[in-house]
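Read the numbers this way: they start at 1 and go in the same order the structure lists the ligands and their atoms. For clarity, every value in this text was computed on a predicted model and none was experimentally measured. Below, all heavy atoms of this structure are taken into account, side chains as well, without hydrogens, waters or symmetry copies.
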Amino acid sequence: MLTDTHTHMNAEAFDEDRDEAIQRAWEQGVTRIVNVGFNRETIPSSIALAEKYDFVYSTVGWHPQDAKSMRDEDLQWIESLCQHEKVVAIGEIGLDYYWDKSFKETQQQVFREQIRLARKVGLPVIIHNRDAHQDIVQILKEEKAAEVGGIMHCYSGSWEIAKLCLDMNFYISFGGPITFKNAKQPKEVLQKVPLDRLLIETDAPYLTPHPYRGKRNETAYVRLVAEAAGELTGHTFEEIARITTENAIRLLKLQ
Ligand SMILES: [Zn+2]
Ligand SMILES: [Zn+2]
């Protein structure tokens with residue numbers, strides 16, 4: 001029983017073999033998949049996937065990289081979709097200062113609006129954070145995100161920042177990088193995160209774990225992430241699979 005709390009199986013990369021890839025995940029023991037929709041194109045296809053498969057859930061949100069294109073109607077649209085029985089979180093939302101620092105303020109505004117929406121509808125948030133640790137924590141605090149909690153997805157920050165997020169009722173999710181030899185920081189942070197706040201994910205088709213690094217990632221490989229998390233924490237694969245699934249069920253109210 002494994003749960004991938006962050007994947008993009010609706011991505012173009014799976015157009016040739018999406019159903020087979022989801023079947024492979026099931027065969028590897030994945031019993032719950034949270035697929036992330038994050039803009040005008042990916043939200044409808046993510047929800048469609050959740051409607052097609054009992055064990056697939058969807059999120060709805062606006063990615064920081066698309067912040068410039070979000071209109072008021074988009075936010076209303078996202079709000080209306082929160083009623084959907086398979087929509088379990090607002091995300092991925094956050095800040096990404098890696099690719100383009102030129103529109104930080106727009107990103108921050110779009111991020112704030114969506115945290116307010118999450119509080120309004122009572123759904124947790126899924127946070128995308130790239131090179132923006134301080135601002136993320138500050139905004140989560142100012143917008144009272146602790147009220148709904150959520151997931152720091154594919155966490156890459158320090159333990160100090162992780163502690164602040166844990167204090168705000170967030171879970172910390174790790175992906176493929178914890179299987180890389182050179183990924184010292186996420187491994188160290190993972191070892192310190194309380195087990196009842198730990199989650200695992202793939203972020204497929206990106207961030208492919210070892211030994212498939214360089215190839216397309218897919219949800220079936222969340223098993224490799226669970227194995228790595230087990231090795232790092234001194235637990236068996238089965239224990240990590242069970243604990244992270246229980247955590248996901250509790251936070252996202254999955255079936
Ligand atoms: Zn992300
Ligand atoms: Zn993602």
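- Remark: aromatic rings of His8 and Phe14 are distant, center separation not under 6.0 Å.
- Heavy-atom neighbours of His210 NE2 from other residues, nucleotides or ligands within 6.0 Å: at or below the threshold of 12.
- The N, O or S atom of His128 lying closest to the Zn ion (ligand 1) is ND1.
- The cluster map of Ile, Leu, Val, Met, Phe, Trp and Tyr, joined by side-chain heavy atoms under 4.5 Å apart, puts Leu81 and Val148 in different clusters.
- Each of Arg197, His153, Arg250 was checked for a side-chain hydrogen bond (donor to acceptor under 3.5 Å, both in side chains) with Tyr171, and the lone residue meeting it is Arg250.
- Put simply, His8 gets within reach of the Zn ion (ligand 2), with an N, O or S atom under 2.8 Å from it.
- Nearest N/O/S atom of Asp203 with respect to the Zn ion (ligand 2) is recorded as OD1.
- Because the distance cut-off is set at 2.8 Å, His63 fails to qualify as a neighbour of the Zn ion (ligand 1), as none of its N, O or S atoms comes that close.
- With the Zn ion (ligand 2) as the vertex, OE2 of Glu92 and NE2 of His6 span 90° to the nearest 10°.
- Using a distance-only test at 3.5 Å, with no hydrogens or angles considered, a donor-acceptor pair links the side chain of Gln114 to the main chain of Trp62.
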